[in-house]
Amino acid sequence: MDTDFRRINLPARLDQLGACFAFLHQGSQLAQFGVEDAARLDLLLEELFMNVARHAYPAGCEGSVELSWAVPKPGELLVQISDWGSPFNPLDSSPPDYSRSLADRPLGGMGIHLVKTLADSLEYEWKEGRNLLSFRYLAARAQDAAG
Amino acid sequence: MLEIQANDVGKAVVLHVAGRMDAETSVEFETTCEGWINRGAKHLVVDLADLQYVSSMGLSKFLSVAKALQPKSGSLSLCHLQAVPRQVFEMTRLIQLFPVFDNVEAALASL
């Protein structure tokens, strides 16, 4: 295992979500993730990819997103997602208001909360003209072993 | 891929949802539910035993359908919520906003 990143560049569009998953699954398999860890990892990627697809670029302007992953050791995956939109840190959003009733609960705002909950470490930076968000995901078994 | 099988049992429509509800596929769930609501269904019971994945977009569809049913004194019940989908509902506290049952029979008995 090594920390060399494998990269892919995709249009930041909803119809590329399947391609994102396919690329990430290569990393999940190499990291020897089980079904549930792979699903949680997919969730992390979807939330961040869709954030870029929906918000990073002006309407009518097709931008791109770069995904990359590396497997430092079994059970661990490092993932980076970057775009060339305006500077924006998706981690700055406020947590959802859990006290709201069904009628008052907004439809959005849950994605970034899921990202913050599922990722083991999360870092944003604006670097060389692009938004770069990095996270580390540690499989459940590896977390238990680490204590 | 998302597969939905619907069964009108009189007091409710039971929807068996299998596969993944992501930003691409979750629209189908909302559209299916809206169709049943437009045909007069008040109670939807969703069997999630074979749901492997749900993202925030999927959650928003569950919320949207439940909100549509509430003014009609209807309900959207969740059954066999398990594994990663259950964790997602729990992490977002959405599990507190829905009637949740171990199985379809219990959900139907509550109506």
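These values consider heavy atoms only, across backbone and side chains, with no hydrogens, waters or symmetry-generated copies. Quick note on labels: first sequence line is chain A, next is B, and so on, each numbered from 1.
Enclosure of atom CD in A:Glu128 is not indicated, since only 12 or fewer non-hydrogen atoms of other residues, nucleotides or ligands lie within 6.0 angstrom. No more than 12 heavy atoms of other residues, nucleotides or ligands sit less than 6.0 Å from atom CD of B:Gln5. A 6.0 Å sphere centred on CD of B:Gln82 holds more than 12 heavy atoms belonging to other residues, nucleotides or ligands. Counting non-hydrogen atoms of neighbouring residues, nucleotides and ligands closer than 6.0 angstrom, the NZ atom of B:Lys11 exceeds 12 such neighbours.
When hydrophobic clusters are built by joining Ile, Leu, Val, Met, Phe, Trp and Tyr residues whose side-chain heavy atoms come closer than 4.5 Å, directly or via intermediates, B:Leu78 is not grouped with B:Leu108. Hydrophobic cluster membership is shared by B:Leu81 and B:Ile4, with clusters built from Ile, Leu, Val, Met, Phe, Trp and Tyr side chains linked at under 4.5 angstrom. Grouping the Ile, Leu, Val, Met, Phe, Trp and Tyr side chains by contacts below 4.5 angstrom, directly or via other members, places A:Leu24 with A:Leu17. A single hydrophobic cluster is not seen to contain both B:Leu2 and A:Val35; linkage of ILVMFWY side chains at heavy-atom distances under 4.5 Å, directly or through other members, places them apart. Grouping the Ile, Leu, Val, Met, Phe, Trp and Tyr side chains by contacts below 4.5 angstrom, directly or via other members, places B:Val46 with B:Val84.
Identified by a heavy-atom distance below 4.5 Å to chain A, the contributing residues of residues 17-39 of chain B are B:Arg20, B:Asp22, B:Ala23, B:Glu24, in residue-number order.
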Margin query: I'd like to know whether A:Glu36 forms a side-chain contact (heavy atoms from CB on, under 4.5 Å) with B:Gln87, so could you lay out the CA-CA distance, the side-chain angles of the two residues, the decisive distance to 0.1 Å, and finally the verdict.
Written below: CA-CA 10 Å; A:Glu36 291 199 8; B:Gln87 291 169 12; 3.7 Å; yes
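Within the 4.5 angstrom heavy-atom criterion, no atom of A:Asp97 approaches chain B. Heavy atoms of A:Phe21 lying under 4.5 Å from chain B belong exclusively to its side chain.
A pairwise comparison of heavy atoms in B:Leu63 and A:Pro106 identifies CD1-O, 3.5 Å as the closest pair.
Side-chain atoms of B:Gln96 and A:Tyr98 include no donor-acceptor pair closer than 3.5 Å.
Rounding to the nearest 0.5 Å gives a distance of 8.0 Å between CD of A:Glu46 and CE of B:Met57. Separating the CG atom in A:Leu102 from the OG atom in B:Ser75 is a distance of 11.0 Å, to the nearest 0.5 Å.
Counting only heavy atoms from C-beta outward, the side chains of B:Lys67 and A:Leu107 approach each other to under 4.5 Å. A heavy-atom distance below 4.5 Å is not found between the side chains of A:Met110 and B:Val88.
Note on A:Arg40, A:Met50, A:Arg105: by heavy-atom pairs under 4.5 Å with chain B, the leading option is A:Arg105.
B:Ser56 pairs in a side-chain contact (heavy atoms from CB on, under 4.5 Å) with only one of the listed residues (A:Leu43, A:Leu114, A:Ile112, A:Asn51), which is A:Leu114.
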